[in-house]
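Below you'll find the structure, written out as C-alpha cells, and then a few comments.
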Amino acid sequence: MHSTVALFNILKKEESAPQERPVPHHIAVIMDGNGRWAKKRGMPRTAGHRVGAETFRNIATYCKNIGVKYFTVYAFSTENWKRPAEEVDTLMNLFRRYLKEAIETMAEKGVAVRVIGDLSVLAEDIQQLIADCDKEAEKLETPAIATLCINYGGRDEIKNAVRAIAQRVQAGEMQPEDITEDTISENLYTVGMPDPDLIIRPSGEIRTSNFLLWQSAYAEYYFTDVLWPDFKPEHLEKAIEDFNRRQRRFGGV
Ligand code: FPP
C-alpha cells in the first residue's frame, strides 16, 4: 500500500513537473535526518534508515525521469562505523538488499548503480554484489547513473589519491611538476564523473561533513529543514528551482 502511494505521488508530480526547465546535470545529496525522523515517532533509528532507503529509491527514479544524469548520495561515511553495531548492521543489510535489487532491475530501469568509497573493508558478499552491479552497469548504453558513497570520506579519498600519485612519482613515471588538478581528479573515486552542480543537505544541518570535498569546489548548496525520510519530489523541485535562479560564475564576473 505504502509503495503504491509513493509511486502515485511520483507520477502525479512528474505529470506536473515543468519539463522545459533545465535540470542540474549532477545532483548529490547528504541523506541526513533519519535518526531524528524515527525519534519523533518513538521508533528506533533503524526505522528511519529503512524509510530513508525508500526515499532514496523514489528520488533516484524521479531524478532519472526528469533527465538528471548523475545522482549521488552519501550513504555511509568513514566515521559511521562508530555507530552502534545494530545500526551499522541494518545499514549494511539495506545496502545488500538494494544492490541485489539493482542487479536484477538495472536493465529495465536504465539506471546504472555504482558504489564508491573505500570498499576494501566491506563484507566480502557486499564487495561481490558491488562487482556484479558494475558488470550489469557496463551493459547499459547511456544510462542515468546513481552512485552510493559507502565508507566514503572526502579527506580519505584525497589522501588515497595523493598516495597513488606519490607512488607514480617515486616509480619515476611522472615528475612532481607534471601533477595538475586533472591528475588529482583522475585519482579520486569519482574518476570519469562530472563534479556535482547541486548538493542538497536536508534536516537543517549546514555543513559539508567531509562529502565530495574536492568535487564540490563550485557546487551550489541547498539546505532544507525537511528530514530525509520526508523528502519528496516536490522538495527536489524546490531545490532545482532555487538552483536555476542562481547565477554561477565559477570565479568569473
Ligand atoms: C544520516 O542520518 C544518515 C546515514 C548515516 C545513513 C544514510 C543511509 C540511508 C538513508 C540508507 C541508504 C540505503 C540505500 C539502499 C541507499 P542520521 O541517521 O545521522 O540522522 P540524525 O542526524 O537525525 O540522527
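Basis for what follows: all heavy atoms, side chains included, without hydrogens, waters or symmetry-related copies. Just follow the structure's listing: the first ligand is 1, and inside any ligand the first atom is 1.
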Do any nitrogen or oxygen atoms of [X] lie less than 3.5 angstrom from nitrogen or oxygen atoms of ligand 1?
{"X": "G35", "value": "yes"}
{"X": "E87", "value": "no"}
{"X": "A53", "value": "no"}
{"X": "D32", "value": "yes"}
{"X": "R45", "value": "yes"}

For [atom], what is the closest protein heavy atom, and at what distance to 0.1 Å?
{"atom": "atom 16 (C) of ligand 1", "answer": "F56 CD2, 3.5 Å"}
{"atom": "atom 4 (C) of ligand 1", "answer": "H49 CE1, 3.9 Å"}
{"atom": "atom 15 (C) of ligand 1", "answer": "Y98 CB, 3.4 Å"}
{"atom": "atom 10 (C) of ligand 1", "answer": "N34 ND2, 3.1 Å"}
{"atom": "atom 8 (C) of ligand 1", "answer": "A75 O, 3.4 Å"}
{"atom": "atom 5 (C) of ligand 1", "answer": "N80 OD1, 3.4 Å"}
{"atom": "atom 22 (O) of ligand 1", "answer": "R36 NH2, 3.0 Å"}

Modelled atom types, side-chain donor and acceptor of W228 and S203, under 3.5 Å: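 Absent: no donor and acceptor within the cut-off.
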Residue L94 vicinity, atoms of ligand 1 by number, heavy atom under 4.0 Å: 15 (C)
Side-chain ion pair, [X] and [Y], N-O less than 4.0 Å:
{"X": "R57", "Y": "E54", "answer": "yes"}
{"X": "E220", "Y": "R245", "answer": "no"}
{"X": "D242", "Y": "R246", "answer": "yes"}
{"X": "E138", "Y": "K135", "answer": "no"}
{"X": "R207", "Y": "E205", "answer": "yes"}

Around [X], counting heavy atoms of other residues, nucleotides and ligands shown, do more than 12 lie under 6.0 Å from its [atom1]?
{"X": "E177", "atom1": "CD", "answer": "yes"}
{"X": "E124", "atom1": "CD", "answer": "no"}
{"X": "R155", "atom1": "CZ", "answer": "no"}

Atom of R45, atom of G35 and distance for their closest heavy-atom approach: NH1-CA, 3.5 Å
Part of L227 with heavy atoms under 4.0 Å of ligand 1, whether side chain, backbone, both or neither: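 The answer is neither.
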Side chain, backbone, both or neither: the part of T55 lying under 4.0 Å from ligand 1 by heavy atom: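 The answer is neither.
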Applying a strict 4.0 Å limit to heavy atoms, is [X] in contact with ligand 1?
{"X": "G33", "value": "yes"}
{"X": "G48", "value": "no"}
{"X": "R83", "value": "yes"}

Option from Q215, H26, R114 for which side-chain hydrogen bond (donor to acceptor under 3.5 Å, both in side chains) with T72 holds: H26
Identity of the nearest option to atom 3 (C) of ligand 1, non-hydrogen atoms only, from R50, M92, M31, K40: M31
Transitive ILVMFWY side-chain link L213 to Y189, under 4.5 Å: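 Different hydrophobic clusters.
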